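Each remark here refers to the structure printed beneath this line.
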Amino acid sequence: MNKKAIILVVDDEHGVRQSFNMVLKDEYNVLLAGTGEEAVDIFTKNTIDLVLLDILLPDIYGIDLLKKLKEIDPNAEIIMVTAVKEIQTAVEAIKLGAYEYIIKPFKVDDVLTVINRALEKRNLLREVTFLRDEVKRYHPFEKMVGKHKKLRKIFELISTISESDGAVLIQGESGTGKELVARAIHNLSQRKDQPFVVVNCAAIPSTLMESDIFGHTKGAYTGATSTTMGKLEIASKGTVFLDDIDTLNINMQAKLLRVIQEKEFERLGSTKVIKADVRFIAASNKDIKNLISQEEFRDDLFYRLNVFPIKVPSLRERKSDIPLLLSHFLEVNAKKSGKPPKKFSNNAVKALTEYDWPGNVRELQNLVERLFTITKDSVIHFKNISISNIGKRQFTESTLKEAVNIFEKEYIEETLEFTNGSRKKTAEILGIHRNTLLAKINELGLKG
Ligand SMILES: Nc1ncnc2c1ncn2[C@@H]1O[C@H](COP(=O)(O)OP(=O)(O)OP(=O)(O)O)[C@@H](O)[C@H]1O
Ligand SMILES: [Mg+2]
C-alpha cells in the first residue's frame with residue numbers, strides 16, 4: 001500500500017490553514033505552519049512531499065521561502081497560493097521551480113486536482129531516480145576477468161555490438177556472466193548515461209509482468225492505486241535487460257514482440273501511445289531454439305532478439321582462466337573487507353582448476369568469498385577447500401603430469417588457433433622447436 005503523502009500548508013491566516021486541513025486530512029498527512037520560520041523548521045525535520053505556500057507571509061516573502069525550500073529539498077513539489085493581485089509573482093514562482101499556483105478563493109476540487117497531479121509527478125520522478133541509483137549500486141566490480149580465447153572473442157563482440165543499437169540475445173549456462181556482458185554492452189554504448197533497467201522475467205509473477213513492463217494508469221485494475229511507470233518507460237533512452245527471457249509466457253512474448261517491432265506501447269488502462277526508445281538485451285540459460293521446437297517460445301520473437309547472438313562459454317570450456325579468477329576474487333575480498341591479502345597454494349589452484357564448476361563463475365566467486373572468510377592462514381591450502389565442502393563433486397585425482405598435460409593441450413590448441421594452424425609460428429610463440437611441437441601434438445592427441 002502506498003504511504004500517505006505529507007503536505008505542509010504555509011499560510012498566516014488561521015482560517016485558511018484550517019480549511020486546507022479539513023479538505024486534505026482524510027487523504028494526506030497535513031502539517032501546518034503560520035510563518036516562514038515555522039515552515040522552514042517543519043520542512044527540515046520532515047520529508048515533505050508537497051507544500052502549499054502562501055505568497056504573502058509576515059516574516060518572509062513567499063518567493064524567497066520557495067527558493068529556500070527548494071534548496072533544502074529540490075524534490076518537494078511546491079504549489080503557490082495567491083490572491084489575484086499577486087499573479088505576476090506566482091508566475092515568477094513557476095520559473096523558480098514551483099509546480100503550479102492556485103488563486104484564492106479557490107474551489108476545493110480544483111485544489112485537489114492540482115495536488116494529485118503534483119504528487120503523481122513526484123512519484124514518477126522518485127521512481128526513476130530510485131531505479132537509476134539502484135543501477136549504479138549494483139555490481140560495484142564490473143570488471144570481466146579472463147584471457148581465454150573464447151572470452152577474448154566475447155570482449156570483441158561486446159565492443160562491436162555496443163556501437164550499434166540492435167537487439168542482443170545472450171545465451172549461456174547459469175553464472176557464466178551474461179548479465180555482466182549485458183552491462184558491458186550498455187556501458188560502452190551511447191546509451192551509457194541513461195538507465196540500464198533489468199526485467200527479471202523469472203522472478204515477476206506473470207500476472208504482474210505486463211504492468212511491470214508497460215506500467216499502468218490509476219484504476220487500470222483492482223489495486224492500481226496510482227499511475228505507475230513501467231520498466232520500458234523508466235529505461236527511456238537506455239537499455240532494457242530481459243533476464244531469463246525463456247520464462248516469459250506466450251502471451252507476454254507476443255506483446256513484447258509488438259514493442260520491439262513498432263517501438264511504441266501504452267500503459268495498461270491508457271490509450272496514449274508512448275515511444276519506446278530503448279535497446280533490448282535478452283538473456284537465457286536455456287537453449288531457445290529447443291524451446292521453439294517445443295512451441296514454448298515464439299520463433300519470430302527469437303529472430304527479433306537474436307540480431308546479435310552471444311554465447312558465453314562455461315567455465316569448463318576455459319579452464320585456463322580459473323587461476324586468474326581465483327586471484328581476482330581473492331583481491332576483491334581483501335579490498336572489500338580491508339583484511340590482508342590471501343593466496344591459494346599451488347595444490348589448491350590445481351584442484352580448483354580441475355573441478356568442473358557447474359555453477360560457473362558465480363560458484364567460484366562464492367567459494368572464494370567463503371574460503372577467504374573462514375581461512376585463518378594467509379595461504380588457502382587444498383585441505384581448507386575440502387573442509388569448506390565444495391560438495392560431493394569429485395576432483396579427478398590426477399597426477400601433476402596429467403594436470404600439466406591438460407594445461408599443455410589447451411594452451412597449444414589455443415596458440416594453434418591463434419596462428420591459424422601455422423606450426424612454425426606456434427612453435428615460435430611457445431618457444432619450442434618445431435619437432436618438439438609435432439611430438440606434443442601427437443602425444444596429446446591434438447588435431448594440429
Ligand atoms: N569474467 C568474469 N570476471 C569476473 N566476474 C565475473 C565474470 N563472469 C561472471 N562474473 C561474476 O559472476 C557472477 C555471476 O555473473 P552473472 O550474474 O553475470 O551471471 P549470469 O550468466 O547472468 O547467471 P544467471 O543465468 O544465473 O543469471 C557475478 O557476480 C559476476 O560479477
Ligand atoms: Mg543473470
Side-chain angles (χ1 to χ4, degrees), residues 134-159 161-162 168-188 196-204 212 231 235 239-248 280-288 290-291 297 305-306 308-337 344 349 352-353 355-373 390 414:
E134 184 82 341
V135 167
K136 287 194 191 111
R137 253 203 318 273
Y138 194 80
H139 275 313
F141 310 100
E142 296 233 29
K143 211 171 136 198
M144 277 196 89
V145 176
K147 287 190 180 162
H148 192 281
K149 186 152 188 275
K150 290 191 173 166
L151 204 67
R152 286 205 309 262
K153 270 218 178 106
I154 302 273
F155 293 154
E156 271 169 35
L157 264 176
I158 289 174
S159 114
I161 290 174
S162 62
V168 185
L169 179 61
I170 308 173
Q171 289 184 265
E173 287 178 20
S174 178
T176 46
K178 295 185 294 295
E179 182 159 349
L180 221 48
V181 169
R183 286 176 188 273
I185 294 172
H186 172 78
N187 289 340
L188 284 173
F196 175 93
V197 174
V198 180
V199 177
N200 200 331
C201 303
I204 304 165
D212 187 71
K231 298 267 171 73
T239 303
V240 171
F241 178 54
L242 302 159
D243 203 4
D244 293 315
I245 183 91
D246 52 278
T247 60
L248 209 59
F280 288 100
I281 304 184
S284 168
N285 53 24
K286 297 257 162 57
D287 179 3
I288 299 212
N290 203 7
L291 295 177
F297 204 88
L305 291 171
N306 205 39
F308 293 109
I310 299 188
K311 169 86 179 67
V312 186
S314 68
L315 197 47
R316 276 185 308 292
E317 293 169 69
R318 49 185 185 101
K319 278 185 177 281
S320 57
D321 279 346
I322 292 174
L324 274 180
L325 285 163
L326 291 171
S327 336
H328 168 69
F329 287 120
L330 278 180
E331 231 172 81
V332 167
N333 277 284
K335 255 192 214 142
K336 212 166 56 181
S337 64
F344 283 105
V349 173
L352 294 173
T353 307
Y355 176 59
D356 71 349
W357 301 106
N360 295 296
V361 185
R362 183 181 293 111
E363 186 185 4
L364 184 146
Q365 182 182 19
N366 292 342
L367 178 78
V368 174
E369 182 171 1
R370 208 162 53 205
L371 289 171
F372 184 90
T373 316
I390 177 161
E414 257 181 57

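All ligand and atom numbering here is 1-based and tracks the order in the structure. This structure is a prediction, so every number in the text was calculated from the model and none was measured.
The shortest heavy-atom contact between N360 and G175 is CB-O, 3.4 Å. Closest approach of K178 to E173, counting heavy atoms only: NZ-O, 3.0 Å. The minimum heavy-atom distance between M144 and G177, with the atom names listed, is CE-O, 4.4 Å. Taking both residues in full, the closest heavy atoms of V361 and F329 are given as CG1-CE1, 3.8 Å, listed atom of the first, atom of the second, then distance.
For ligand 1, the atoms lying closer than 4.0 Å to a non-hydrogen atom of N285 are 25 (O). Proximity to F329 (heavy-atom distance under 4.0 Å) selects the following atoms of ligand 1: 4 (C), 5 (N). The ligand atoms of ligand 1 that sit less than 4.0 angstrom from a heavy atom of L180 are 5 (N), 6 (C), 7 (C), 8 (N), 9 (C), 10 (N), 18 (O), 30 (C), 31 (O).
Summarising the local packing, NZ of K311 is surrounded by more than 12 heavy atoms from other residues, nucleotides or ligands at distances under 6.0 Å.
Ionic pairing of R152 and E156 is not present here: no N-O contact between side-chain nitrogen and carboxylate oxygen is shorter than 4.0 angstrom.
By the 4.5 Å heavy-atom criterion applied to side chains, F308 and I185 are not counted as neighbours.
When only interatomic distances are considered, the shortest N/O to N/O separation between L151 and ligand 1 does not fall below 3.5 Å. Remark: ligand 1 and S174 share an N or O pair separated by less than 3.5 Å (distance only, no angle test). Between K178 and ligand 1, at least one pair of N/O atoms sits closer than 3.5 Å. The shortest N/O to N/O separation between M144 and ligand 1 does not fall below 3.5 Å. Taking any N or O of V145, backbone or side chain, at least one lies under 3.5 Å from an N or O belonging to ligand 1. At under 3.5 Å, a nitrogen or oxygen of R362, whether backbone or side chain, sits near a nitrogen or oxygen of ligand 1. Between Q365 and ligand 1, an N or O atom pair is found at a separation short of 3.5 Å.
Of the listed residues (V168, V199, L169, V240), just one forms a side chain to side chain contact (heavy atoms under 4.5 Å, CB included) with F280, and that residue is V240.
With sequence neighbours left out, the salt bridge (Lys or Arg N to Asp or Glu O under 4.0 Å) criterion links K147 to no other residue.
Residue contact annotation: G146 has no non-hydrogen atom under 4.0 Å from ligand 1. At least one heavy atom of L325 lies less than 4.0 angstrom from ligand 1.
The residue among A184, G359, A283, G177 with a heavy atom at the shortest distance from atom 15 (O) of ligand 1 is G177.
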